Amino acid sequence: MKVTIWFLLCMYFSLFCLGLTVSTTKPCKLRETNFGSVCVCTAEYCDYLENPKPEEPNQLNIISSSKSGLRFEETKGTFNTTEILKIIDFRSQSKSLENDYEFAAFDSIALVIDNFKGTVQLKTGSNTNSSGKTFKMRMSTIEVNRDKKYQKVSGFGGALTGTVSYLIQKLNTEVQDHIYRSYFAESGIGYNMLRTSIGGCDFDLEPWAYNEQPENDKNLSNFTKLDKRDEQKIEQIKRLKTISGFHDVKIMAAAWSPPKWMKSNNNWTGFSYLLPEFYQTWANYHLKFIELMHAKNLTIWAISTGNEPLNGVIGWFFVHFMSLGWTPSNQAIWLNDYLGPTIRNSNHKNVLIFGNDDQRYTYPAWFQKMKTSRPDSLNYLDGFAVHWYWDDIFAPYLIDEVHNAMPEKLLLNTEACVGDKPWQTHGPELGSWSRAEQYIRDILQDLQHNFNGWIDWNLILDENGGPNYVQNHVDAPIIVNTKNPTEFYKQPIFYAIGHFSKFLAEGSVRIETTSTNIKVDVVGFQRPDGTLAIILFNSDRDAVDLLLNDNVRGKVWIRVPPNSVHTIIYK
Ligand SMILES: *[C@@H]1O[C@H](CO)[C@@H](O)[C@H](O)[C@H]1NC(C)=O
Ligand SMILES: *[C@@H]1O[C@H](CO)[C@@H](O)[C@H](O)[C@H]1NC(C)=O
Ligand SMILES: *[C@@H]1O[C@H](CO)[C@@H](O)[C@H](O)[C@H]1NC(C)=O
Ligand SMILES: *[C@@H]1O[C@H](CO)[C@@H](O)[C@H](O)[C@H]1NC(C)=O
Ligand SMILES: *[C@@H]1O[C@H](CO)[C@@H](O)[C@H](O)[C@H]1NC(C)=O
Ligand SMILES: *[C@@H]1O[C@H](CO)[C@@H](O)[C@H](O)[C@H]1NC(C)=O
């Protein structure tokens, strides 16, 4: 009898205690794949990381991911110690620094800070053995100056395209919920933004728009409710909020193409422009979408003036999906005389309007030409939206010019993916770290150039990088296996974005950071709770020793593994 009671109590209390103490942190289930390694999630298991909260002023938490397989690995350290804080990457095959510097030959290692301009001394023997030799080696320095402040973060996110919505629906509820939590929960990567299309886009199963029938209907008499595909997305967004516990999702919407009858070529794709008699109709179409979403209790945070307007002007030769061509001069007329007044005189006047929504190379000429056409048109814009696709070729100074001329406007990257170029694998490269590095480089560069946020493209794609109606196959941070829909894979790209999105809450302010090592790039932020998040990227194929020097907190030595990215959190 006694035993039974004891047993029951024990069962009861251990479950009770487990419920209280079990953290949501679960490590990645790493699986080797063709191009590297992915983290595997199933209905029963998925990796999460509770956000570290440093308690003491001298404490720092480093979250690390690397080519050889670290995924949000946590290391703790303290400021103002002479010991080097090593990020252990046991799978890494590269030469260790110990060998480089022959640390093994020393009786004891004393790191003596020589000066902070990049050298350190290693002494043989104990500190008091003055006959010991002194070696000097190169040392990289990261300077953090929290007194110098720049832009504020609006957020990070991905796109809920028709394809994403379709794929999510094919998964069982537990798997869907892990995807929502992985992206939007605090223990996931903390997204707060979602981009979606007004009508169809290139990642849909067919091209579509509202009010395709009747044609030439200026009153949009048949656009009285949303499409079934929207209703599915709305249910998914509501579930996403419930599951992640994050309700304040900022939804950004953009149209790819109007119904064909509004266009010069009466076609979804190809060289086109909006027929001038439908300028007001096309503005009303945008407002109607905002109103119908509002009626479903979903607030549209922002719209853009249209996805990639140059696709219908110069890009139509190789772009075969829905598009509407705009020259900057004509778009300025539409914005200034139609869209701008329509939105600002409506009940939804607070919806933000972003301009351009196209590649870097269109900056700054696009806005200069808009201004020439309608000098006040830019007043209707709250921000500028940029797509990343040619960022490798076109330098960020193009964006700087626009930012410097209009520093009060927000800057957002609104689309990115890998696999779009002729010379790239079209579709996912499972486990590719080099694709993750492309993201890290670009996000770092954009943030260093005053971007307020960064939105990725498809949240999930299938194993072929689709499906869609134009056989346009690309990569995504999460790949679902449609042949085995009980599991999905978090690509290295997922963690690449996560090193920023998870740790940079809305309202974080960029502070000054500098690196003395060209292979180590850095960007730093002070978060709304006052703590710092420093994102540090080592693109070197060797480990690097770094001295992090914060103008308030002091100094810490960190050894980072080859090809790795880190978010350093401290007070
Ligand atoms: C570390 O040392 C610096 C310089 O001596 C000092 O200003 C700082 O407060 C110290 N930091 C901590 C966390 O003790
Ligand atoms: C000092 O270091 C030298 C070189 O490593 C060693 O030969 C010597 O024995 C040491 N002396 C003492 C007192 O430890
Ligand atoms: C309205 O649109 C639907 C498709 O969404 C179509 O079936 C219907 O014929 C249209 N109505 C008119 C009057 O054209
Ligand atoms: C549009 O609506 C107006 C007023 O409601 C009406 O006079 C006009 O005939 C309608 N036009 C079309 C093409 O339906
Ligand atoms: C629409 O454009 C595509 C691609 O340019 C072309 O193949 C197709 O024939 C066009 N359709 C019509 C109805 O003109
Ligand atoms: C919208 O929210 C209100 C208040 O929370 C609620 O009464 C209404 O039923 C909701 N409507 C829809 C379509 O969900």
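None of these values were measured; they are calculated from a predicted model. Indexing begins at 1, ligand by ligand and atom by atom, following the structure's order.
Residues R239 and D177 are paired through a salt bridge, judged by an N-O separation under 4.0 Å between the basic side chain and the carboxylate.
What sits closest to atom 8 (C) of ligand 5 on the protein, heavy atoms only, is N267 ND2, 3.7 Å. When only non-hydrogen protein atoms are considered, atom 3 (C) of ligand 3 lies nearest to N222 ND2, 3.5 Å. Looking at atom 9 (O) of ligand 3, its nearest protein heavy atom turns out to be Q213 CB, 4.6 Å.
Aromatic ring centroids of W454 and Y439 lie under 6.0 Å apart. Under the 6.0 Å cut-off for aromatic ring centres, F72 and H499 qualify, their centroids lying closer than that. Taking the six-membered ring where the residue is Trp, the centroids of Y279 and W326 are separated by under 6.0 Å.
There is no protein heavy atom less than 4.0 angstrom from atom 5 (O) of ligand 3. Checking atom 14 (O) of ligand 3 against the protein gives a heavy-atom contact under 4.0 Å.
Each of F156, F503, Y495, Y183 was scored for a side-chain contact (heavy atoms from CB on, under 4.5 Å) with I189, with one residue passing: Y183.
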